[in-house]
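Position 1 is the first residue of the sequence, and the numbers go up from there. Nothing here was measured: the structure is a model prediction, and the numbers come from that model.
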Amino acid sequence: MSIRRRRRTSSRTSHVVKVIASSVRKGNVLELDGHLCSVLSAESFFPGKGTPTTQIDMRRIHDGTKMTQRYKTTEQVERAYVEDRDFTYLYQDGEQYVFMNPETFDQINVDGDVVGNMAPYLQEGMKVSLSVFEEKAVSIELPQRVTCEVAETEPVTKGQTASSSYKPAMLTNGVRTAVPPHIGPGVRIVVLTEDGSYVERAKD
């Protein structure tokens, strides 16, 4: 059973409160000009002179349009509260990704632009957290670390085990990273989903 998109007669919701711009974080949902927008990134700037500002990159939920807004850090914006739910990743279906609620077994389709650069790290059976607003997923959070296999890298350097001089590598999921000299193709490693950086050699 898929959770289908609901048409809204109005974007106004009782679950909207005013917060200052500097408190906005990635994954929050804001209401802007009568439309709900998912926050892709939020960064505050504090110049030596001048007014501190917060730049917020957003994606309008109903049509996927991306936009950037800049506010004074203390300026108020309208934030809509979303519900975080645990889901299990099943498979990719075209430009969408299918997840299942492990308690109800209901399935939900998530747009590719919501998954974004997290897509390469999705693995069948992986537990993720989806932020859901009116039965539609607006952001996703993966485990901080995942295990991936090295597809290509330079040959193993004999006798060199120091990790100070990393070498470029390509993982089987298409992500480029850097690994210690003693890591070769076929080796499973742990990487951070935030940026794909190497953590350690997998223990499995």
Rounded to the nearest 0.5 Å, how far does [atom2] of [Y] lie from [atom1] of [X]?
X	Y	atom1	atom2	answer
His182	Lys167	NE2	NZ	9.0 Å
Arg85	Glu103	CZ	CD	10.5 Å
Tyr89	Ile140	OH	CD1	9.0 Å
Ile56	Ser41	CD1	OG	9.0 Å
Ile108	Gln96	CD1	CD	10.0 Å
Gln76	Tyr71	CD	OH	12.0 Å

With a 3.5 Å distance limit and no angle check, can you tell me whether [X] reaches the backbone of [Y] through a side-chain donor-acceptor pair?
X	Y	value
Asn173	Pro120	yes
Gln92	Gly94	yes
Thr177	Gly196	yes

Would you kindly say whether Ser139 and Ser131 are connected by a side-chain donor-acceptor distance under 3.5 Å?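 Side chains of Ser139 and Ser131: pair found under 3.5 Å.
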
Side-chain donor-acceptor pair under 3.5 Å between Thr147 and Arg188, yes or no?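 No, no side-chain donor-acceptor pair sits under 3.5 Å.
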
What's the shortest heavy-atom distance between [X] and [Y], and which atoms?
X	Y	result
Leu171	Cys148	CD1-CB, 3.9 Å
Ser23	Asn28	O-OD1, 4.2 Å
Phe87	Pro102	CA-CD, 4.0 Å
Pro181	Ser165	CG-O, 3.4 Å
Pro47	Pro52	CD-CA, 4.0 Å
Val16	Ala80	CG2-CB, 3.9 Å

Flag yes if [X] and [Y] sit in one hydrophobic cluster, no otherwise; membership is Ile, Leu, Val, Met, Phe, Trp, Tyr, and two members link when side-chain heavy atoms are under 4.5 Å apart.
X	Y	value
Ile183	Val190	no
Leu40	Met58	no
Met118	Val114	yes

Do [X] and [Y] make a side-chain contact, defined as non-hydrogen atoms from C-beta onward lying under 4.5 Å apart?
X	Y	value
Ile20	Thr54	no
Val150	Tyr198	no
Val146	Met126	yes
Thr193	Arg145	no
Ser22	Thr74	no
Arg60	Leu36	no
Val175	Val191	no
Val77	Gln69	no

Check the pair Thr68 / Gln55 against side-chain contact (heavy atoms from CB on, under 4.5 Å), numbers first and verdict last. CA-CA 7 Å; Thr68 298; Gln55 178 174 305; 3.6 Å; yes

Could you go through the side-chain contact (heavy atoms from CB on, under 4.5 Å) check for Met67 and Leu32 one step at a time? CA-CA 11 Å; Met67 64 192 76; Leu32 181 67; 3.7 Å; yes

Heavy atoms of other groups near [X] [atom1], more than 12 under 6.0 Å:
X	atom1	answer
Glu152	CD	no
Asp195	CG	yes
Glu194	CD	no

Does the side-chain contact (heavy atoms from CB on, under 4.5 Å) test come out yes or no for Met100 and Phe105, once each step is laid out? CA-CA 6 Å; Met100 182 183 70; Phe105 303 107; 3.9 Å; yes

Derivation and outcome, side-chain contact (heavy atoms from CB on, under 4.5 Å), residues Leu122 and Phe99: CA-CA 11 Å; Leu122 285 174; Phe99 297 81; 4.2 Å; yes

